[in-house]
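Here the structure is laid out as structure tokens; the discussion comes afterwards.
By convention in this document, chain letters (A, B, ...) are assigned in the order of the sequence lines, proteins followed by strands, and residues within each chain are numbered from 1.
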Number of protein chains: 2
Amino acid sequence: MDIIRTIDEIDHKILTILQEKARIPNAEVARQVGMAPSAVLERIRKLEERGIIEGYEVRLNPLPFKQGLAAFVLVEIDRSRGNGSLEQRLAEVSGVQEVHQIAGEDGYLLKVRAADPKALGQLLRDQLLTIPGVKGSRTQVVLNTVKETRRIELE
Amino acid sequence: MDIIRTIDEIDHKILTILQEKARIPNAEVARQVGMAPSAVLERIRKLEERGIIEGYEVRLNPLPFKQGLAAFVLVEIDRSRGNGSLEQRLAEVSGVQEVHQIAGEDGYLLKVRAADPKALGQLLRDQLLTIPGVKGSRTQVVLNTVKETRRIELE
DNA sequence: TTTGAAACACACGGATA
DNA sequence: TATCCGTGTGTTTCAAA
């Protein structure tokens with residue numbers, strides 16, 4: 001299944017508009033690209049089918065939900081053991097937003113959210129370090145987030 | 001301006017639905033929470049006004065756009081110099097999706113996307129390390145992303 | 001691409017508490 | 001004062017022509 005195929009200029013334009021503001025009405029997109037709404041709708045559908053558009057997300061302020069503290073946690077694992085469902089277990093820990101396997105270390109880099117340092121500490125101690133196969137961790141706490149987007153440059 | 005105030009059970013339900021699939025029609029949300037569409041619309045508006053909903057994003061597959069490689073870059077900065085616009089300049093580098101000031105090091109943690117290791121190397125050498133005030137960097141390349149979401153648990 | 005019917009968005013007003 | 005609902009008007013969706 002080749003996802004790539006041709007992303008032509010019009011698709012490009014549509015995606016640029018959607019990256020700007022995902023909840024814009026289809027007719028408005030059509031106006032901006034100078035096409036009929038139905039044609040644009042069909043293109044968006046196909047972009048979804050082809051896996052180029054993976055979904056639409058609401059961006060919530062983490063503060064009201066007591067998730068204001070972010071941290072990056074490097075989890076060192078014990079390769080000698082059968083890893084098995086380790087990745088899955090890391091991903092399931094509450095507050096874990098991202099799990100990346102990284103090069104150069106036997107481990108994973110996690111992006112985690114918690115209420116405050118104390119809650120983060122508990123999370124690490126009680127939920128992460130208790131997972132079989134986890135040897136240890138190193139945590140970098142975020143003091144301030146300057147930029148946080150998932151926007152990509154459409155080359 | 002207190003953002004928090006009361007997030008009641010219905011708000012909670014609405015946000016859960018929107019986190020699942022942000023592009024669902026308002027009328028459908030109304031059906032699921034068992035309220036009139038106009039009332040639901042008003043609630044969503046207020047959640048936006050209160051800054052609880054920050055926006056809506058499309059999630060794109062980075063591969064078709066040659067941004068398949070992700071990396072986390074720890075940028076060490078020289079505190080002795082006037083920092084000035086350093087944060088801004090880091091945020092503006094192409095491929096940089098996130099910029100976090102972190103505790104325990106004089107530096108920033110960046111999430112970066114590039115086409116491949118070569119492109120990442122060029123980015124670091126030509127765009128990041130040339131910024132005044134940047135002393136050095138340590139890069140962790142992502143081999144595989146197990147989980148990547150910005151969803152938060154609504155307590 | 002156009003078109004038309006059904007579904008939807010959204011502002012307004014009234015009811016409720 | 002705040003939140004609810006119903007209605008009316010204009011818009012959007014979506015599939016068939």
* **Nucleotide-level pairing of DNA chain C, given in dot-bracket where Watson-Crick and G-U pairs need both distances under 3.5 Å and | marks other strands** => |||||||||||||.|||
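Residues meeting the side-chain contact (heavy atoms from CB on, under 4.5 Å) test with B:D106, sequence neighbours left out: B:I77, B:R79. Under the salt bridge (charged side-chain N to carboxylate O under 4.0 Å, His left out) criterion, A:E28 pairs with A:R31, sequence neighbours left out. Residues passing the side-chain contact (heavy atoms from CB on, under 4.5 Å) test with A:E153 are B:Q67, B:S94, sequence neighbours excluded. Residues passing the side-chain contact (heavy atoms from CB on, under 4.5 Å) test with B:A36 are B:S38, sequence neighbours excluded. Residues that satisfy the salt bridge (charged side-chain N to carboxylate O under 4.0 Å, His left out) test with A:R45, not counting sequence neighbours, are absent from this structure. For B:K66, the salt bridge (charged side-chain N to carboxylate O under 4.0 Å, His left out) criterion is met by A:E155, not counting sequence neighbours. Qualifying salt bridge (charged side-chain N to carboxylate O under 4.0 Å, His left out) partners for B:K21, counting only residues two or more places apart in sequence or in other chains: none.
Using modelled atom types, one side-chain atom of B:K147 and one backbone atom of A:A91 make a donor-acceptor pair closer than 3.5 Å.
Across the protein-nucleic acid pair, B:E9 atom CD and D:dT3 atom C1' stand 16 Å apart, rounded to whole Å. Atom pair B:I44:CD1 and C:dA11:P shows a separation of 13 Å (rounding to whole Å applied). Across the protein-nucleic acid pair, B:L47 atom CG and D:dA2 atom P stand 15 Å apart, rounded to whole Å.
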* Asked: How does protein reach along nucleotides 10-17 of chain D, written 5' to 3' as B (base within reach of a heavy atom under 4.0 Å), S (only sugar-phosphate), or - (no contact)?
  -> --SSSB--
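For B:K46, a side-chain nitrogen or oxygen approaches OP1 or OP2 of D:dT3 to under 4.0 Å.
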Between the protein and nucleotides 13-17 of chain C, list the N/O to N/O atom pairs that are separated by less than 3.5 angstrom.
none

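Residue B:F72 shares its hydrophobic cluster (ILVMFWY side chains chained together at separations under 4.5 Å) with A:F72, A:L74, A:I102, A:L109, A:V142, B:L74, B:I102, B:L109, B:V142.
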Residues 122-136 of chain A, side-chain donor-acceptor partners within the protein, below 3.5 Å, at least two apart:
residue, atom, partner, partner atom, Å
A:T130, OG1, A:D126, O, 2.8
A:T130, OG1, A:Q127, O, 3.4

